[in-house]
J.: 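Here it is, the structure, as structure tokens.
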There are 2 protein chains.
Amino acid sequence: MASDVRGTNDNGARTMPERIRCRECPLRDCTGLLAPDEGQRAWIEAFKSGEARFARGEQVLRQGVRATRLHTVLEGVLMRYRLLEDGRRQILNFMFPGDFVGLQSAFDADLSHGIEAMTDTLLCVFPRDRFFELALSHPRLSFDLTWLAAREEAALEEHLVSLGQRNAQERLAYLAVYLVGRASETGVARDGVLRLTVTQSQIADMLGLSLVHTNRSLQALRRAGLVDWTLASIAVPDMAAARHFAQMDGDVLSPRPYI
Amino acid sequence: MASDVRGTNDNGARTMPERIRCRECPLRDCTGLLAPDEGQRAWIEAFKSGEARFARGEQVLRQGVRATRLHTVLEGVLMRYRLLEDGRRQILNFMFPGDFVGLQSAFDADLSHGIEAMTDTLLCVFPRDRFFELALSHPRLSFDLTWLAAREEAALEEHLVSLGQRNAQERLAYLAVYLVGRASETGVARDGVLRLTVTQSQIADMLGLSLVHTNRSLQALRRAGLVDWTLASIAVPDMAAARHFAQMDGDVLSPRPYI
DNA sequence: GCGGCGCCATGTCAAATGACACTGACCGCG
DNA sequence: CGCGGTCAGTGTCATTTGACATGGCGCCGC
């Protein structure tokens with residue numbers, strides 16, 4: 001990777017001039033994603049300003065600052081979180097390949113959340129300045145963004161149901177199913193196993209549980225054979241059973257567009 | 001109202017032929033809203049198919065069915081909720097004048113949530129069929145929808161932070177501040193008092209608390225002088241104090257566009 | 001090999017929250 | 001007027017969840 005370095009952005013991450021052509025986009029063959037047609041690809045290619053890499057643990061966007069870039073995840077997994085003044089942290093969602101990162105910063109002044117890489121990550125970079133222009137001149141693009149925003153909204157709603165109505169074990173089962181599902185869609189996981197390093201502290205901060213209680217509840221789920229979640233991987237041996245345990249109704253997955 | 005009845009939709013609500021011209025839209029002078037310009041107004045007027053009224057307690061859209069209409073709230077307050085199979089209910093958000101109702105149904109098959117009127121309500125009705133066509137031919141409209149979706153997303157994130165990180169009293173204070181704020185923006189409340197009938201059971205279902213605990217925590221807040229929330233009204237005597245108590249940082253309110 | 005660090009695990013106790021049963025106020029209705 | 005329904009409020013007790021303290025284990029740098 002070191003040989004790729006051509007510059008450094010404000011976060012210290014490696015930024016590279018555009019190298020991947022959209023027609024060779026790593027997302028193009030992903031089963032869960034709906035590749036843009038040739039016309040759209042041309043607009044996107046014109047919009048794209050380059051790529052950026054981040055290592056696990058690095059901050060992609062910081063809460064409270066005004067971002068100048070928009071991103072699409074090409075490879076890797078990220079998380080979006082919100083910090084309270086006294087240090088409490090709420091993880092809002094996880095982002096997988098194809099997700100559009102930073103829509104909020106396209107509209108708003110300061111970012112109300114931060115974004116951190118959970119794995120080494122490759123992002124497609126767009127300049128914020130041209131977003132307006134592009135969205136207004138390319139309705140299809142704008143439409144797809146609306147679609148993505150609606151999807152994200154639906155995911156947040158699910159999380160909200162979890163935090164509001166499910167107990168600790170149900171939340172954990174829900175989150176495991178959600179993550180493995182998202183990862184499978186996007187080619188990051190297969191066979192109900194997701195190799196991703198998530199600490200129990202991150203799980204706790206996502207689900208509104210204490211660290212200790214998260215630990216105990218994870219063990220209970222493991223003993224029950226529903227979810228086997230270790231530091232480096234999430235395994236859901238029986239998806240249907242886990243979904244039923246967490247009271248998740250069938251949510252139909254339609255392929256997502258991406259920018 | 002009875003004299004206005006011209007037809008009945010599948011929910012039993014009164015539907016009327018279009019009577020309000022967009023240029024006389026009740027939203028046009030609302031301080032928190034950004035009225036469309038003349039060009040946009042023309043598209044919207046062409047898109048609009050009529051109006052609908054609902055009384056408090058009526059279901060506007062039912063969870064699990066495919067909706068055929070999209071709405072903009074003209075007058076009144078609604079709530080969006082999600083039911084689990086065993087009867088648990090999570091209230092996801094409240095909708096105020098200017099909000100676009102049913103974006104999800106523009107994309108997805110079945111609705112993952114229901115919508116219920118909290119007050120008597122007047123909605124602007126759009127046919128779902130033409131949504132695609134219109135969004136693709138009018139980028140500005142599509143752009144505004146993205147904007148609205150991003151806003152809704154931000155609200156859900158706030159709620160998520162509440163459920164995940166705040167204790168019962170903080171949640172209640174947060175919700176009171178949120179509701180009074182939204183209502184003030186949209187002209188429904190003034191002077192930190194919102195006259196809106198919300199039962200403690202609804203509050204509990206929004207905040208993931210039991211009914212009893214909601215009751216006790218409300219009383220504690222009342223004794224502390226932070227929030228006075230009764231069946232028919234929500235009063236926040238000192239907004240700054242309540243915001244601080246709930247650890248809400250300043251969120252800047254920019255006027256919302258509407259369709 | 002040693003110390004420090006990050007993470008998981010566990011024991012004990014306390015606090016927050018929920019379940020259940022009941023009361024009283026209010027209101028619309030016949 | 002009584003009746004049933006809805007809703008706020010309370011008392012008591014159970015359960016869930018959190019706080020704090022501690023130990024173990026693998027990893028890494030020195």
Side-chain angles (χ1 to χ4, degrees), chain A residues 55-58 84 86-91 116 118 162-176 195-224 227-235 245-246, chain B residues 55-58 79 84 86-91 116 118-119 162-176 195-224 227-235 245-246:
Chain A
R56 167 173 168 82
E58 282 185 324
L84 296 189
D86 63 0
R88 285 179 276 184
R89 173 179 68 168
Q90 175 65 41
I91 296 181
E116 176 182 322
M118 307 264 309
S162 244
L163 294 207
Q165 304 302 323
R166 298 194 242 253
N167 64 26
Q169 292 189 31
E170 290 169 339
R171 290 184 209 183
L172 286 164
Y174 159 74
L175 184 57
R195 292 192 42 75
L196 175 69
T197 300
V198 188
T199 67
Q200 293 185 351
S201 174
Q202 289 169 332
I203 302 173
D205 282 351
M206 169 93 200
L207 296 179
L209 299 169
S210 74
L211 182 52
V212 178
H213 196 56
T214 301
N215 180 297
R216 289 194 244 257
S217 305
L218 275 178
Q219 293 176 56
L221 282 179
R222 202 171 299 148
R223 279 194 300 272
V227 173
D228 195 345
W229 194 331
T230 64
L231 178 57
S233 85
I234 310 172
F245 175 78
Chain B
R56 167 173 168 82
E58 283 185 325
M79 65 178 217
L84 297 188
D86 63 1
R88 285 179 275 185
R89 172 179 69 166
Q90 175 65 42
I91 296 181
E116 177 181 320
M118 307 262 310
T119 66
S162 245
L163 295 207
Q165 304 301 322
R166 298 195 242 253
N167 64 27
Q169 293 189 30
E170 290 171 337
R171 289 184 211 184
L172 286 164
Y174 159 73
L175 184 58
R195 292 191 44 75
L196 175 68
T197 299
V198 188
T199 67
Q200 294 185 351
S201 175
Q202 289 168 332
I203 302 173
D205 282 351
M206 170 92 198
L207 297 180
L209 300 169
S210 75
L211 182 51
V212 178
H213 197 56
T214 300
N215 180 299
R216 291 194 240 256
S217 304
L218 274 179
Q219 292 177 55
L221 282 179
R222 201 173 299 148
R223 280 194 301 272
V227 173
D228 195 345
W229 195 330
T230 64
L231 178 57
S233 85
I234 310 171
F245 176 77

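Heavy atoms only: backbone and side chains are in, while hydrogens, waters and symmetry mates are out. Below, read A as the first sequence line, B as the second, and so on, with proteins coming before strands; counting in each chain starts at 1.
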J.: To the nearest Å, how far apart are L218(A) CG and dT10(C) P?
T.: 12 Å

J.: Measure the distance from CG on D205(B) to P on dT17(C) and round it to the nearest whole Å.
T.: 16 Å

J.: Measure the spacing between CZ of R171(A) and CG of L221(A) and express it to the nearest 0.5 Å.
T.: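 Rounded to the nearest 0.5 Å, the CZ-CG separation comes to 13.0 Å.
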
J.: With sequence neighbours excluded, what pairs up with E170(B) under the salt bridge (charged side-chain N to carboxylate O under 4.0 Å, His left out) test?
T.: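 Listed in chain order: R88(A).
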
J.: Restricting to pairs with a member in residues 196-211 of chain B, which pass salt bridge (charged side-chain N to carboxylate O under 4.0 Å, His left out), not counting sequence neighbours?
T.: R89(B)-D205(B)

J.: Within the structure shown, what part of the strands sits under 4.0 Å from L209(A) by heavy-atom distance: base, sugar-phosphate, or nothing?
T.: sugar-phosphate

J.: Might you list the N or O atoms of the protein lying below 3.5 Å from N or O atoms in nucleotides 12-16 of chain D, with each pair's distance?
T.:
{"from": "dT12(D)", "atom 1": "O4", "to": "R216(B)", "atom 2": "NH2", "distance (Å)": "3.1"}

J.: Whole-Å distance between dC7(C) C1' and W229(A) CH2?
T.: 15 Å

J.: With the side chain counted from C-beta on, respond yes when L231(B) and V198(B) share a heavy-atom pair under 4.5 Å apart, and no when they do not.
T.: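 No, their side chains stay 4.5 Å or more apart.
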
J.: Send over the distance from L207(B) CG to dA16(C) P, rounded to a whole Å.
T.: 17 Å

J.: Starting from P on dA19(C), measure out to CG on N215(B) and report it in whole angstrom.
T.: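 Answer to the nearest Å: 15 Å.
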
J.: Once you round it to whole Å, what is the distance between P of dT17(C) and CG of L172(B)?
T.: 10 Å

J.: Mind checking G208(B) for me? I need base, sugar-phosphate or nothing, with any heavy atom below 4.0 Å counting as a touch.
T.: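 Since only primed, P, OP1 and OP2 atoms lie under 4.0 Å of G208(B), the category is sugar-phosphate.
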
J.: Considering just the side-chain nitrogens and oxygens of Q219(A), establish if one lies under 4.0 Å of OP1 or OP2 belonging to dC8(C).
T.: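 No, Q219(A) has no side-chain N/O under 4.0 Å of OP1/OP2 on dC8(C).
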
J.: Going by side-chain hydrogen bond (donor to acceptor under 3.5 Å, both in side chains), name the residues that satisfy it together with Q202(A), two or more places apart in sequence or in a different chain.
T.: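 side-chain hydrogen bond (donor to acceptor under 3.5 Å, both in side chains) check on Q202(A) returns nothing, list empty.
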
J.: Bend across the helix from dG1(C)-dC30(D) to dG30(C)-dC1(D), to 10°, with axes taken over 5 pairs at each end?
T.: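 One end axis against the other gives 30°.
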
J.: Nearest-Å distance, CG (L231(A)) to P (dG26(D))?
T.: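 One finds 13 Å between P of dG26(D) and CG of L231(A), rounded.
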
J.: Base, sugar-phosphate alone, or nothing: which one does R166(B) contact when heavy atoms must sit under 4.0 Å apart?
T.: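 Answer is nothing: R166(B) stays at 4.0 Å or more from every strand.
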
J.: Report yes if at least one side-chain N or O of R222(A) is closer than 4.0 Å to OP1 or OP2 of dA9(C); otherwise report no.
T.: yes

J.: Please tabulate, one pair per line, each protein N/O and nucleotide N/O from nucleotides 22-28 of chain C that are separated by under 3.5 Å, including the distance.
T.:
none

J.: Starting at CD of Q200(A) and ending at C1' of dG6(C), how long is that distance when rounded to a whole Å?
T.: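 Result: 12 Å.
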
